[in-house]
Amino acid sequence: MGKITIKDIIEKKQKKKITMLTCYDYSFARILDEAGVDIILIGDSLANVVLGLEETRRVALGEMLNHTKAVALGVRRSLVVADMPYVAYQRNTKRCVVQARKFIKAGAEAVKIEWFKDCPYVVEKLIKDKIPVMGHIGLTPQTVHLLGGYKIQGRNQEEALVLLKQAKILQKLGVFSLVLECIPWQVSKLITKSLKIPTIGIGAGKYCNGQVLVLYDLLGLYKKKKPKFVRVYKDISFQINTAVSEYISDVKRGRFPAEAESFSLKNQHLRLKKQK
Ligand code: KIV
């Protein structure tokens, strides 16, 4: 299987479903890449699931850049997309291109931008600078306080039409795909059908052109919140707990390390020991 390009992702709209997962480090990136996921997103959900912060907007630019570098080193085939953190474009929109270039330099092939009032300005600037952009509408965690909390978006005709309008603006500006978060399936179906670019849903039903989940949700590693749309494919937190408990017990009972896990002096040097 060859390297996945942005063109491949756009073409998948007509053919196959797109798979996307978040990832934050080198070792997981290798596993996800080898498993065949189409897009690996260094999501700013890093703030919640890795750094233990309440709000995604608290993650620092340097933190996102470091994790982007780590993930990019582990990926050979998947498309690498980095979430632009709030501080990189919403606080000072004029610096968005300079900040986005840092993500490309760190190994990302595209950046993701959440909808906010000046989103069209930022997207236009980035695309003019030839930086590929993935859009994100619906529940946008960076500005969740303006949405009245973590709530489903597009719950009535008026709200649905606003989302459709945002989607069309972003398509016109040239985003190559669009994340739809926490939207009733009927609304995301309408948006998906109305666009030429692919939609990737999270809590947006099955009619999107692809799906994304937070890796730590899929693996049952993040226990603080479990939104309705999450499916835990395997709860590895239990397996990790078992492995760590076994290690603790083995160390305490002198069963770890064994000879095979220790370095030994060669026979001729054993004399040294005796001379002492
Ligand atoms: O940061 C993130 O994990 C995301 C996904 C939910 C799409 O933006």
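In this chain, residues are counted from 1 in sequence order. Because the structure is predicted, anything quoted here is derived from the model rather than measured. Counting starts at 1 for both ligands and their atoms, following the listed order.
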>> I need the Lys151 NZ to Leu139 CG distance, nearest 0.5 Å.
In response: 11.0 Å
> Quick one: does Lys112 get a heavy atom under 4.0 Å from ligand 1?
Replying inline: yes
> Taking it one step at a time, do Thr140 and Thr143 satisfy side-chain hydrogen bond (donor to acceptor under 3.5 Å, both in side chains)?
Replying inline: CA-CA 6 Å; Thr140 44; Thr143 44; 3.2 Å; yes
> So is Met20 in contact with ligand 1, going by heavy-atom distances below 4.0 Å?
Replying inline: no
>> Using a 4.0 Å cut-off to any heavy atom of Val214, which atoms of ligand 1 qualify?
In response: 3 (O)
> Taking atom NZ of Lys17 as the centre, does the number of heavy atoms from other residues, nucleotides or ligands within less than 6.0 Å exceed 12?
Replying inline: yes
> Going through the distances and angles, do Lys168 and Gln171 end up as a side-chain hydrogen bond (donor to acceptor under 3.5 Å, both in side chains)?
Replying inline: CA-CA 5 Å; Lys168 290 212 165 157; Gln171 171 171 267; over 6 Å; no
> Among Val75, Leu79, Thr19, whose side chain to side chain contact (heavy atoms under 4.5 Å, CB included) with Val37 holds?
Replying inline: Thr19
>> Which residue and atom name correspond to the protein heavy atom nearest atom 6 (C) of ligand 1, and how close is it?
In response: Ile202 CD1, 3.6 Å
> What atoms of ligand 1 come closer than 4.0 angstrom to any heavy atom of His136?
Replying inline: 8 (O)
> What atoms of ligand 1 come within less than 4.0 Å of a heavy atom belonging to Thr22?
Replying inline: 3 (O)
>> Is the contact between Thr56 and ligand 1 made by the side chain, the backbone, both, or neither, using heavy atoms and a 4.0 Å cut-off?
In response: neither
>> Test your reading of the structure: does Asp44 have an N or O sitting under 3.5 Å from an N or O of ligand 1?
In response: yes
> Got the closest protein heavy atom to atom 2 (C) of ligand 1, with its distance?
Replying inline: Ser45 OG, 3.3 Å
> Taking the six-membered ring for Trp, are Tyr24 and Tyr216 parallel (under 30°), tilted (30 to 60°) or perpendicular (over 60°)?
Replying inline: perpendicular
> Is there a heavy atom in Ile200 that sits closer than 4.0 Å to ligand 1?
Replying inline: no
> To the nearest 0.5 Å, how far apart are CZ in Arg95 and NZ in Lys125?
Replying inline: 12.0 Å
> Would you call Arg77-Asp33 a salt bridge at under 4.0 Å N-O?
Replying inline: no
> Tell me: protein heavy atom nearest atom 4 (C) of ligand 1, and distance?
Replying inline: Leu41 CD2, 3.8 Å
